[in-house]
Number of protein chains: 2
Amino acid sequence: MTDSTDHRAFSDERRELIEVDDELMKDIEEIVRTRSDFLLLNILQDLTPPDIAHIMNRLEAEEAEYVFGLLKADVASGVLLELDESHREHLLPRLPQEKLAELVDAMDSDDAADIIGALSRDQAARILGTMDVEDSSHVEELLRYDESTAGGIMAKEVATVHPDDTVKKAIRIVRRMAKDHKNIYNIYVTTDDGLLVGTVPIQSLLLYAPNKRIRKIMKDDVVSVTPDVDQEEVAQIFKKYDIISLPVTDTAGKLLGRITVDDIVDVLEEEHVEDVARMVGSDADEIERRSPTQVALLRLPWVLTTLFIELGAGLVISRFDETLSRVILLASFMPIISAISGNTGLQSAAIVVRGLATGHVDLARWWKPVIRQVQTTLIIGAACGLVIGLIGAYWDGNAVFGAVVGTSMFISINISGLVGTATPMISKRLGFDPALTAGPFETAFQDVVGISIFLSIATLLIQWL
Amino acid sequence: MTDSTDHRAFSDERRELIEVDDELMKDIEEIVRTRSDFLLLNILQDLTPPDIAHIMNRLEAEEAEYVFGLLKADVASGVLLELDESHREHLLPRLPQEKLAELVDAMDSDDAADIIGALSRDQAARILGTMDVEDSSHVEELLRYDESTAGGIMAKEVATVHPDDTVKKAIRIVRRMAKDHKNIYNIYVTTDDGLLVGTVPIQSLLLYAPNKRIRKIMKDDVVSVTPDVDQEEVAQIFKKYDIISLPVTDTAGKLLGRITVDDIVDVLEEEHVEDVARMVGSDADEIERRSPTQVALLRLPWVLTTLFIELGAGLVISRFDETLSRVILLASFMPIISAISGNTGLQSAAIVVRGLATGHVDLARWWKPVIRQVQTTLIIGAACGLVIGLIGAYWDGNAVFGAVVGTSMFISINISGLVGTATPMISKRLGFDPALTAGPFETAFQDVVGISIFLSIATLLIQWL
């Protein structure tokens, strides 16, 4: 698309992209350590910005800073966007203002807003001051939206035409925009008031005569979102309609910007990391942070909360110390019962959390997943109760002991399934993130419940044990 | 793009898409129950295929079958692709052969292969027999690739030009293809032998003169994959390079097909569901299966395996019954120690599994994540050991008891972190899915380790307890 590839384009050989493997990585580390500018530049010129970012992410912060200093502006701005957060946090305050301004200038408004949003208040104000008025007002608008909403991921750069314009005019607009922007997939059709009334996929411009009116070829059933829609919901819209870009409008239907699918790919990855982090009791930031102390501080609140919930299980056990000291074998079955019921609760919770995210589970029909999970846990509870009951009876040589163990297992698995299904829905209704209830707190809570049931039943039947 | 919207396109009003909310859903259920064809058709004609599929997914299988029977072929083929697996499994064997052939004929080869791959062997052979020779050989080729590889998600429909062709010729090719295919984003440049030597984004065709040669405007540094590359790795390539389509070639560089970003969005969702399912001890199929019995049977192998690992913890406890009966308060601290160390192990494992998937963790430098996790768990272990040690000392009124509890917590958290970090890497090296080691088995194993350490230390120091 640009002319920069022309000088090599006369061969029929496809240019081989260099793959960044361990061997190359080792060479680069050596070159970086000896600060051999010439050798390094030679390697870097055959790499794409994402590959250079990938290499820098694997280097120490100071080494990455050195590599970044060697890059030309057009490459550097692409690299900056793909860097790990920890490296970016190291780099940004150290860049000279003019260089940073140049890099931000080459970016689309959504990317520029991400970078400027990561700066200190002073630095951000200075960079915004160097930008032209339209660009800086775009970035300032984008910075007002919550990062994890449609407004936070949209860009302001849109190609627009009027319904009365011709295909020829639309092509002229695309040509003008294509100089600075690579990802133009749709042209948006707006009225004089800026209301979005249709879209024209760029390939349509190749199919019709130049003098054809846009209103005759536009798609008028446009899917759009308002800026406040959560990014996970936006991703589900992309998935459902198989689209590659989505317009953002205000509630009156005025076009504000557009979201492209490459940002959605990042959103899906982000939501995945966040869900997994929550389930193990940590924070999505962990994957970006390099320092073990930071990671420990992120995890500690979760770990300590879990610890205090588990103290509840300890208190329950201490209340039953008489039962335990008379039948010490009961202690051997405690971890089994609490682990299995905790796990069953977690399974149910994870399914409901996922269902709530994708719209498969519907709060207005809350009984549907509840009934389904109860039916499931009845079967799992019966199977596990039977297995552990037989093992218990054999081990203790006493059928009553087996019955106590098996019944407790059956009951606590079923309660866990029920609690695991209900809590994410209740959390969502109360406005909390349902994923919070499908993690270590859930498991810890089920420990308390499982052990209480087990030791209560054992105490009731103590005379036969 | 098609002419079908023209009849309404003379208004400046944007056509409002109907949103499928609870109220509409209730109305539709009522209409479906009374089999009011006319009313239902009236609603369906204002809905997109993904919306109709969404509605059908919320109905019972027989009701969905009735709705599907009312759809026109062009809508029905879009609906079929978005249906839940359970509904699709119900529908496919019940469709008349001619209708199914018509639906498959309207699909791109990758979608057609998905549907035909889900049919019985007989039904598949019959449908393939009705297709034209080129289409059926495409589908047969695609069916040979593993579902979760680049070959399994690619489509055979590609627009190709020769490097010596002109822009004008390329536009003609796009026009021809655009009749049947909506998602053409790139034109692939191939030699007479079919070797891929470049790509031309479709918007470039708008930027250059009609008689310009393709070799002068093509991008010749093409990222591509071979068909055997895992779909998760393919998704990472899309994410890294921010691309919307990716060519697939054989090892010699011959163009075989292309993957588009809408399929990658599905892959990311699928991998997410699979990871979460593994972490709670279940299978990604669970989210698609409706019958509680099927779900129970999917989960049971995981639950029973966990149960048998936990029996190990029970055996450990029974070997220490003398210690336990002398100091029954030890039993109260068992669940705390096992839960916290299990959780720490899971956290470390989840981080390493994620890192392995994204390439952040590199097996050739296995010591890097190990050292980082050890530093992290030293801090977490110290904090938790101190807290629980103080609680233990206060509760028992004995400093030695506190020391036993705190030290055990510290040691078992650190071992858990180490084991949690190492096992995913070892699994990967041995060719297993590392996600398998970041689930209930991990937690159960840590229970055994944590309790062993705790009761061993308590037994060693029993005379002071």
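Model, not experiment: these values are computed from the prediction. All chains are named by letter (A, B, ...) in the order of the sequence lines, taking the proteins before the strands, and each is independently numbered beginning at 1.
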Okay, side chain of A/Gln203, backbone of B/Ala178: is any donor-acceptor separation there less than 3.5 Å? no
Short side-chain to backbone donor-acceptor contact, B/Ser332 and A/Ser318, under 3.5 Å: yes
Walk me through it: do A/Asp242 and B/Glu82 pass the test side chain to side chain contact (heavy atoms under 4.5 Å, CB included)? CA-CA 10 Å; A/Asp242 284 345; B/Glu82 298 290 326; 3.6 Å; yes
Under 4.5 Å from any heavy atom of chain B, what part of A/Gln236 do you find: side chain, backbone, both or neither?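 Answer is side chain: those atoms of A/Gln236 sit under 4.5 Å from chain B.
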Best-contacting candidate, [options], against chain B by heavy atom pairs under 4.5 angstrom:
options                               : answer
A/Tyr185, A/Phe238, A/Phe333          : A/Tyr185
A/Ile264, A/Leu329, A/Asp321          : A/Asp321
A/His54, A/Arg365, A/Met409, A/Met279 : A/Arg365

For side chain to side chain contact (heavy atoms under 4.5 Å, CB included), just list the numbers for A/Arg58 and B/Lys368, CA-CA rounded to whole Å, side-chain angles, deciding distance to a tenth of an Å, and then say yes or no. CA-CA 11 Å; A/Arg58 289 164 77 172; B/Lys368 280 199 168 185; 5.8 Å; no
Using a cut-off of under 4.5 Å for heavy-atom pairs, which of [options] has the most such pairs with chain A?
options                                : result
B/Val353, B/Ile371, B/Ile184           : B/Ile184
B/Val174, B/Ile171, B/Ile202, B/Asn343 : B/Asn343
B/Leu324, B/Leu311, B/Asp447, B/Val448 : B/Leu311
B/Leu195, B/Leu307, B/Leu268, B/Leu346 : B/Leu307

Nearest 0.5 Å, what's the CD1-CE distance between A/Ile451 and B/Met334?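 Interatomic distance, A/Ile451 CD1 to B/Met334 CE, rounded to 0.5 Å: 7.5 Å.
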If you measure from CG on A/Leu206 to CG on B/Leu206, what distance do you get to the nearest 0.5 Å?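 It comes to 5.0 Å.
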Contact origin within B/Ile391 toward chain A - heavy atom pairs under 4.5 Å: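 Side chain only.
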By a 4.5 Å heavy-atom criterion (distance strictly below it), what part of B/Leu304 contacts chain A: side chain, backbone, both, or neither?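 Contact with chain A is through the side chain of B/Leu304 alone.
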Does the pair B/Gln347 and A/Val303 meet the rule for a side chain to side chain contact (heavy atoms under 4.5 Å, CB included), with working shown? CA-CA 10 Å; B/Gln347 289 173 330; A/Val303 172; 4.0 Å; yes
Can you tell if the side chain of A/Val387 reaches within under 4.5 Å of the side chain of B/Phe308, non-hydrogen atoms only?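 Counting from C-beta outward, A/Val387 and B/Phe308 do come under 4.5 Å.
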Hey, is A/Glu269 close enough to B/Arg354 for a salt bridge, meaning N to O under 4.0 Å? yes
Before you tell me yes or no, could you show the steps for A/Gln373 and B/Val295 under side chain to side chain contact (heavy atoms under 4.5 Å, CB included), namely the whole-Å CA-CA distance, both residues' side-chain angles and the distance that decides it to 0.1 Å? CA-CA 9 Å; A/Gln373 290 297 326; B/Val295 172; 5.7 Å; no
Counting only heavy atoms not in B/Arg319 (residues, nucleotides, ligands), do more than 12 fall under 6.0 Å from its CZ? no
Have a look at A/Lys240 and tell me which of B/Asp51, B/Asp266, B/Asp262 forms a salt bridge (Lys or Arg N to Asp or Glu O under 4.0 Å) with it.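 By the salt bridge (Lys or Arg N to Asp or Glu O under 4.0 Å) criterion, A/Lys240 pairs with just one of B/Asp51, B/Asp266, B/Asp262: B/Asp51.
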Here the pair of heavy atoms bringing A/Pro292 nearest to B/Gln375 is CG-OE1, 3.1 Å
Heavy-atom pair of closest approach, residues B/Ala331 and A/Ile317: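 Closest approach of B/Ala331 to A/Ile317: O-CD1, 3.4 Å.
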